[in-house]
Amino acid sequence: MKITPKVPKKINGTVRFLVRSLSLKTTPIFLPLTQVPNTRAGYCFNNVEDYIKEHGGEAVYGWMIWEDRKKGFIEAEFHVIVKSCNQYIDITPRYNYEDKILFVEDNVRQSGRMKDNPDSWYSWSNIKIINEYVAEMAEPLQIKELDDEDSEIIPL
């Protein structure tokens with residue numbers, strides 16, 4: 001079965017079930033992609049860190065939600081955006097060229113740079129749900145920068 005997840009069109013019962021499965025009480029919001037020079041798909045931690053150093057703001061960690069409604073599939077991918085002047089800004093381009101995301105803030109899980117490993121971030125694996133069955137739950141990860149191009153994903 002080929003799954004082609006996209007940004008959900010609306011916040012439906014399946015999205016709410018996913019948010020509850022993550023034990024979150026925050027509300028998902030749609031955010032457009034804000035084009036920022038020198039940002040790379042798949043590098044949201046680096047993109048946001050670099051943006052904040054140059055423009056200010058704060059990092060907001062949470063989840064991008066993707067859905068293949070026809071297949072009964074929904075997942076959340078750990079992500080970070082910028083909060084500046086009380087506005088949320090998503091600056092990380094996507095591999096699938098989506099121009100917006102559905103984002104839900106996660107103020108429950110540990111996230112951000114690791115204090116004892118400054119070349120690493122706390123992150124989480126994707127949660128995957130098929131027909132309201134949690135097939136994979138989010139697990140804690142360490143993302144270790146090896147160089148400007150490569151990272152290592154280490155289960156915690």
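As a basis for the values below, the full set of heavy atoms in this structure was taken, side chains included, without hydrogen atoms, waters or symmetry mates.
Following chains of ILVMFWY side-chain contacts shorter than 4.5 Å, one cannot reach I127 starting from I3, and the two form parts of different hydrophobic clusters. Both L24 and L31 are members of a single hydrophobic cluster when ILVMFWY side chains are connected at heavy-atom separations under 4.5 Å. Tracing side-chain contacts under 4.5 Å through hydrophobic residues (I, L, V, M, F, W, Y), one never reaches F78 starting from L156; they form parts of separate clusters. Under a hydrophobic clustering in which Ile, Leu, Val, Met, Phe, Trp and Tyr are joined whenever their side-chain heavy atoms come within less than 4.5 Å, directly or via other members, W63 and I153 fall into the same cluster. A chain of hydrophobic side-chain contacts below 4.5 Å, direct or via other Ile, Leu, Val, Met, Phe, Trp or Tyr residues, connects I143 to I52.
Rounding to the nearest 0.5 angstrom, the gap separating the CG atom in N107 from the OG1 atom in T26 is 6.0 Å. Atom-to-atom distance recorded for M64:CE and I81:CD1 is 11.0 Å, nearest 0.5 angstrom. Interatomic distance, CE of M114 versus OG of S123, reported as 10.0 Å (0.5 Å rounding). To the nearest 0.5 angstrom, H55 atom NE2 is 9.0 Å from I89 atom CD1. Rounding to the nearest 0.5 Å gives a distance of 9.5 Å between CG of D99 and CD of Q35. Atom OG1 of T39 and atom CG of D50 lie 10.0 Å apart (nearest 0.5 Å).
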Item to complete: May I have the step-by-step check of salt bridge (Lys or Arg N to Asp or Glu O under 4.0 Å) for D119 and K144, ending in yes or no?
Response: CA-CA 6 Å; D119 61 346; K144 180 178 175 65; 2.7 Å; yes
Practice prompt. Take V80 and S111 through the test side-chain contact (heavy atoms from CB on, under 4.5 Å) and record every step on the way to the result.
Written response: CA-CA 9 Å; V80 63; S111 54; over 6 Å; no
Item to complete: Might you work through the side-chain contact (heavy atoms from CB on, under 4.5 Å) test for F103 and I65, ending with a clear yes or no?
Response: CA-CA 6 Å; F103 179 82; I65 300 173; over 6 Å; no
Practice prompt. For W121 and N46, run side-chain contact (heavy atoms from CB on, under 4.5 Å): C-alpha distance rounded to whole Å, both residues' side-chain angles, the deciding distance at 0.1 Å, then the answer.
Written response: CA-CA 10 Å; W121 284 275; N46 299 86; 3.6 Å; yes
Worksheet item: Step by step, would you call E49 with R113 a side-chain contact (heavy atoms from CB on, under 4.5 Å)?
Response: CA-CA 10 Å; E49 192 173 78; R113 280 269 184 201; 2.8 Å; yes
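The number of heavy-atom neighbours closer than 6.0 Å to CD of Q87, taken from other residues, nucleotides and ligands shown, is 12 or below. The environment of CD in E54 is sparse: at most 12 heavy-atom neighbours from other residues, nucleotides or ligands sit within 6.0 Å. Other residues, nucleotides and ligands contribute over 12 non-hydrogen atoms within 6.0 Å of the CG atom of D116. The neighbour count for K71 NZ, taken as heavy atoms of other residues, nucleotides or ligands under 6.0 Å away, is above 12.
One N or O on the side chain of N47 and one on the backbone of Y43 form a donor-acceptor pair closer than 3.5 Å. Side-chain atoms of R109 come within 3.5 Å of backbone N or O of L22 as a donor-acceptor pair. Checking side-chain atoms of N12 against main-chain N and O of T14 turns up a donor-acceptor pair under 3.5 Å. In this structure, K100 contributes its side chain and L33 its backbone to no donor-acceptor pair below 3.5 Å. With R94 contributing its side chain and T92 its backbone, the two residues share a donor-acceptor pair below 3.5 Å. In terms of modelled atom types and a separation under 3.5 Å, the side chain of T34 and the main chain of I91 share no donor-acceptor contact.
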Atom pairs and distances, donor-acceptor, side-chain atoms in residues 128-142, under 3.5 Å, two or more places apart:
from : atom 1 : to   : atom 2 : distance (Å)
Q142 : NE2    : S120 : OG     : 2.8

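Using a 4.0 Å cut-off between charged side-chain N and carboxylate O, K25 and E105 make no salt bridge. Using a cut-off of 4.0 Å between Lys/Arg side-chain N and Asp/Glu carboxylate O, E67 and K9 are scored as not salt-bridged.
Ring-plane geometry between F45 and Y61 is classed as tilted, the angle between the planes lying from 30 to 60 degrees on a 0 to 90 degree scale.
Of the N and O atoms on the side chains of E75 and N126, at least one donor lies less than 3.5 Å from an acceptor on the other residue.
Using a 4.5 Å heavy-atom threshold, the side chains of V60 and Y88 count as touching. A 4.5 Å side-chain heavy-atom check between F30 and V7 finds at least one atom pair inside the cut-off. Put simply, the side chain of V19 reaches to within 4.5 Å of the side chain of P28, judged on heavy atoms. The side-chain heavy atoms of I74 and V15, taken from C-beta on, include a pair separated by under 4.5 Å.
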